[in-house]
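Below is one structure, written out as structure tokens; comments come after it.
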Amino acid sequence: MANYGYFYFQSDFNRLWDSLGEHLPDGNPRRQIAHPPVDPEDPYRMIHTGFFQGAVKNQQGEEREYGFYVPPTARHAGNLAFIFTGANQTAEELYQTYDWGRILEKYETVGVFIAPDGDWDREEPGKDMDFVLRVLQEAQDNQYFIPSVCSHYALGLGSGAYMASLFSILYGSTLAAFAVAGESGFTQELAELLESLPSDGDPGISKAECPLPAWIMDGSEDGKRLLHFMRRANQCGEAFLQNDVAKIRTPGLNAGGAHPMQGLRAEQVWYSEKESLSGEELVDRMVGFVTQYRRWRDRGNGDIQLSVSGESMGLIRREITAGGLKRHFHIYEPSAYRKHPDRKLPLVIASHGFSCNGLFFAENTDWHGVAEEREFFVVYTTAYPRFNERFFAGGPYKMCPTAWWDSGVTGEDAYASDDILYFQELLQVMKREYPIDTSRIYATGHSNGAGMTQCLMRLMPKEFAAFAPVGGVESYLPESSVKVPGDGVQRPVWYMMGELDLGEGWNLTEGGRNLTGVRTLCACNHTDWNQARRYENGIYRHAVSCNEEQVPMVRFTGVKGWPHTYTREAARMIWDEFFCKYSRNEDGTIAYMGHTVKG
């Protein structure tokens, strides 16, 4: 009987990329390497590319090696696949066995190759799992690349199918999909153990009920048992479709867990009794299978969705130069514009969080979906890749260059920021080339993008009619950077924070950061926070501060069970309940529902 008592079952590592200290959570120091400069001609290209080798030490001080490949096509906040080798094969040998470089470049995916010490130990797997978790920690140390928490995958070949399957189900709320071709070793004992363990994001259900797309190529009894287990997790019935390589099972129309705004569930379970493919073709199809999925962070274990490209979302990439730097953003043109090209329409500027990009934010929030229905333009912005010395001023850890907004966090003159010039140029382009209703331009963003939204609120208030920062209240920054200028300009704002968010989460405690930021804007908008109306609506806990005309000028919403995220529902709420009600008059005053608000 296998000994599973050594396992570490809590998948805290899925948030390790947020921990930017000098040491990893297990106390091991982060590696520090020299970084080449960002290429000004191609600033969004990865600065570290190729195959690298690494090593980690276990609790006994024993060192084991692993390898990883960073393709030049990888993106900031991109895909990360953990690839488990078979018996008696090193990480580098597996990398060289197939044309992994080409395949990973094709799917814009970083591959981490994890090999056993001889073979994976099925009787005492804890030591191997400890090694795997330490590799995962180091893979997310932000030195060579910065992966997205929404697109982690696992692949297993040969006996590596066992460890890939085990790891995937143990940490199912962290991964978006897995694929295995070989000996899964999924015993009845293991199935019963996993059924008894709570899922990471929702303790009310077990790991056997956490949805996770899977492709299983194992015709043994263990493989059939794994198929049954994954069918249950993904609420798939007996019926199946079939393609050239697998039988495909999907959740039924009545399966639970569908998002009201996101439609039917996207999970699938593929099953192949025999491997009809081999070599590079097999590996290509496996990587293609897993990377079609994302697990977007939401309540509980998150939500599985299909990944989509900028083209399929209908986004248009626009290149500009701002402050001497090559930049870009993505535009969504609603059908209403194409039908009536002279009709003036509103504009929403949507800014991603730290280390992400505009396409990532588009997939996550679906602001363009709201724009299509409600008839307005959307611009998804993308920050410039830079080193973190200023962003983490005084910190010991120097991560690789990544996209982040210079929103005045250092207390420097934010008017001189490259990003202010970027937004100024962006707005000029949109006003010049599209019929923008300049009285109805709005700004929203997540995390570091929420900070940038608040920077625009401080420095360019008359360009926007309202603001909606999500996952970040600016009062966590130095006091000198959060004071709203005494310019008499009102700034309608809706803050939104998750219960499990960064910093203080959804708390509004006296003397706390959130309340400090909210009260600052109340003073700007002539409202009394002490008179704010408070009410709850499902998972949403609202506080609304109105002026003497009963116009809601400052809102704060806490969302029960939310981690650090920005969801599609949030985008729709922000438009329908907030943005669409405000406009800014030519003299800089605010109008609410068509009526000018007193200054």
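Since we're looking at a predicted model, the values are computed, not measured.
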Quiz item: Where is the tightest heavy-atom contact between L226 and S165, given as atom of each residue plus distance?
Solution: CD2-OG, 3.6 Å
Self-check item: Side chain N301, main chain G201, donor-acceptor under 3.5 Å
Solution: yes
Quiz item: Okay, side chain of W296, backbone of T365: is any donor-acceptor separation there less than 3.5 Å?
Solution: no
Quiz item: Side chain of K207, backbone of L170: donor and acceptor closer than 3.5 Å?
Solution: yes
Practice problem: Give a yes or no answer on whether the side chain of T382 reaches the backbone of F329 with a donor-acceptor pair at less than 3.5 Å. | Solution: no
Exercise. Calculate, to the nearest 0.5 Å, the distance between atoms CD and CZ belonging to E363 and R294 respectively.
Key: 4.5 Å
Quiz item: Is any NZ, NE, NH1 or NH2 atom of the basic residue among E41 and K326 found under 4.0 Å from an Asp or Glu carboxylate oxygen of the other?
Solution: yes
Exercise. Find the distance between CG (D39) and CD1 (I47) and round it off to the nearest 0.5 Å.
Key: 10.5 Å
Quiz item: What pair of heavy atoms forms the shortest contact from F289 to A179, and how long is it?
Solution: CD2-CB, 4.3 Å
Practice problem: Verify, without hydrogens or angle tests, whether R249 (side chain) and L227 (backbone) share a donor-acceptor contact under 3.5 angstrom. | Solution: no
Quiz prompt | The single option from L155, L157, V132 passing side-chain contact (heavy atoms from CB on, under 4.5 Å) against F84 | solution = V132
Quiz item: Does the side chain of Y293 reach to within under 4.5 Å of the side chain of L306, using non-hydrogen atoms?
Solution: yes
Quiz item: Hey, is D303 close enough to R568 for a salt bridge, meaning N to O under 4.0 Å?
Solution: no
Quiz prompt | Nearest heavy atoms of F131 and E65, plus distance in Å | solution = CZ-O, 3.6 Å
Quiz item: Do D418 and Y384 come within less than 4.5 Å of each other through their side chains, counting heavy atoms only?
Solution: no
Quiz item: After noting the C-alpha distance and the side-chain angles of F145 and L80, does the key distance pass the side-chain contact (heavy atoms from CB on, under 4.5 Å) rule?
Solution: CA-CA 10 Å; F145 55 89; L80 178 62; 3.8 Å; yes
Quiz prompt | side-chain contact (heavy atoms from CB on, under 4.5 Å) evaluation trace for M230 with F178 | solution = CA-CA 11 Å; M230 297 313 302; F178 76 96; 3.8 Å; yes
Quiz item: Are the side chains of H330 and H368 in touch, meaning some heavy atoms are under 4.5 Å apart?
Solution: no
Quiz item: Going from CG on L133 to CD on E138, what distance comes out if it is rounded to the nearest 0.5 angstrom?
Solution: 13.5 Å
Quiz item: For F360, does its backbone N or O pair with a side-chain atom of N364 as donor and acceptor, under 3.5 Å?
Solution: no
Quiz prompt | Contact check, side chains of T97 and Q89, non-hydrogen atoms, under 4.5 Å | solution = yes
Practice problem: Would you mind listing every salt bridge (Lys or Arg N to Asp or Glu O under 4.0 Å) that reaches into residues 159-186, with sequence neighbours excluded? | Solution: R122-E183
Exercise. Write down the atom of C400, the atom of I146, and the distance for their closest heavy-atom approach.
Key: SG-CG1, 4.0 Å
Practice problem: Using the six-membered ring wherever Trp is involved, compare the ring planes of W215 and W270 and label them parallel, tilted or perpendicular (cut-offs 30° and 60°). | Solution: perpendicular
Quiz item: Could you state the interatomic distance from OG1 (T381) to CG (N357), rounded to the nearest 0.5 Å?
Solution: 10.0 Å
Self-check item: Lys/Arg-Asp/Glu bridge criterion (N-O < 4.0 Å) met for D128, R64
Solution: yes
Exercise. Determine whether the side chains of S151 and N79 contain a donor N or O and an acceptor N or O closer than 3.5 Å.
Key: yes
Practice problem: Over all heavy atoms of both residues, which pair between N243 and V245 is shortest? Give the atoms and the distance, please. | Solution: OD1-N, 2.9 Å
Quiz prompt | Ring geometry between H48 and Y144 (parallel below 30°, tilted from 30 to 60°, perpendicular above 60°) | solution = perpendicular
Exercise. Report the relative orientation of the aromatic rings in Y380 and F361; use parallel for angles under 30°, tilted for 30 to 60°, perpendicular for over 60°.
Key: perpendicular
Ignoring hydrogens and angles, write down the donor-acceptor pairs under 3.5 Å from the side chains of residues 69-78, residues two or more places apart or on other chains.
{"residue": "Y69", "atom": "OH", "partner": "E105", "partner atom": "OE2", "Å": "2.7"}
{"residue": "T73", "atom": "OG1", "partner": "E105", "partner atom": "O", "Å": "2.8"}
{"residue": "H76", "atom": "ND1", "partner": "T402", "partner atom": "OG1", "Å": "3.3"}

Quiz prompt | Full working for side-chain contact (heavy atoms from CB on, under 4.5 Å) between V135 and F82 | solution = CA-CA 10 Å; V135 170; F82 302 106; 5.5 Å; no
Quiz item: Checking side-chain contact (heavy atoms from CB on, under 4.5 Å) for the pair L282/M286: CA distance, chi angles, key distance, verdict?
Solution: CA-CA 6 Å; L282 171 64; M286 291 174 71; 3.9 Å; yes
Self-check item: Close side-chain approach of I114 and M163, heavy atoms under 4.5 Å
Solution: no
Quiz item: Around atom NE2 of H228, are there more than 12 heavy atoms of other residues, nucleotides or ligands at under 6.0 Å?
Solution: no
Self-check item: Student check: side-chain heavy atoms of E209 and E195 closer than 4.5 Å
Solution: no
Quiz prompt | Distance (rounded to the nearest 0.5 Å) between D222 CG and I216 CD1 | solution = 11.5 Å
Self-check item: R102 vs D284 side-chain heavy atoms within contact, under 4.5 Å
Solution: yes
Practice problem: Look at the aromatic rings of H446 and H564 and report parallel, tilted or perpendicular, splitting at 30° and 60°. | Solution: tilted
Quiz item: Salt bridge check: are D130 and K127 linked by an N-O gap of less than 4.0 Å?
Solution: no
Practice problem: For N448 and W405, indicate whether the former's side chain and the latter's backbone hold a donor-acceptor pair under 3.5 Å. | Solution: yes
Quiz item: Sub-3.5 Å donor-acceptor pair from the side chain of W100 to the main-chain atoms of V283, do we have one?
Solution: no
Quiz prompt | S220 and D218: side chain donor to acceptor below 3.5 Å | solution = yes
Quiz item: Does a side-chain heavy-atom distance below 4.5 Å link P125 with W120?
Solution: no
Quiz item: So, the side chain of R297 versus the backbone of V149: is there a donor-acceptor pair under 3.5 Å, distance only?
Solution: yes
Quiz item: With a 3.5 Å cut-off and no angle check, do the side chains of Y566 and W367 form a donor-acceptor pair?
Solution: yes
Quiz item: Is a side-chain N or O of D419 found less than 3.5 angstrom from the main chain of D406, in a donor-acceptor match?
Solution: yes
Practice problem: Compute the ring centroids of H152 and Y171, then answer whether they are less than 6.0 Å apart. | Solution: no
Practice problem: Over all heavy atoms of both residues, which pair between R318 and I331 is shortest? Give the atoms and the distance, please. | Solution: CB-CD1, 4.1 Å
Self-check item: Distance, nearest 0.5 Å, that separates CD of E92 from OG1 of T85
Solution: 12.5 Å
Self-check item: Basic-acidic side-chain contact under 4.0 Å: E273, K224
Solution: no
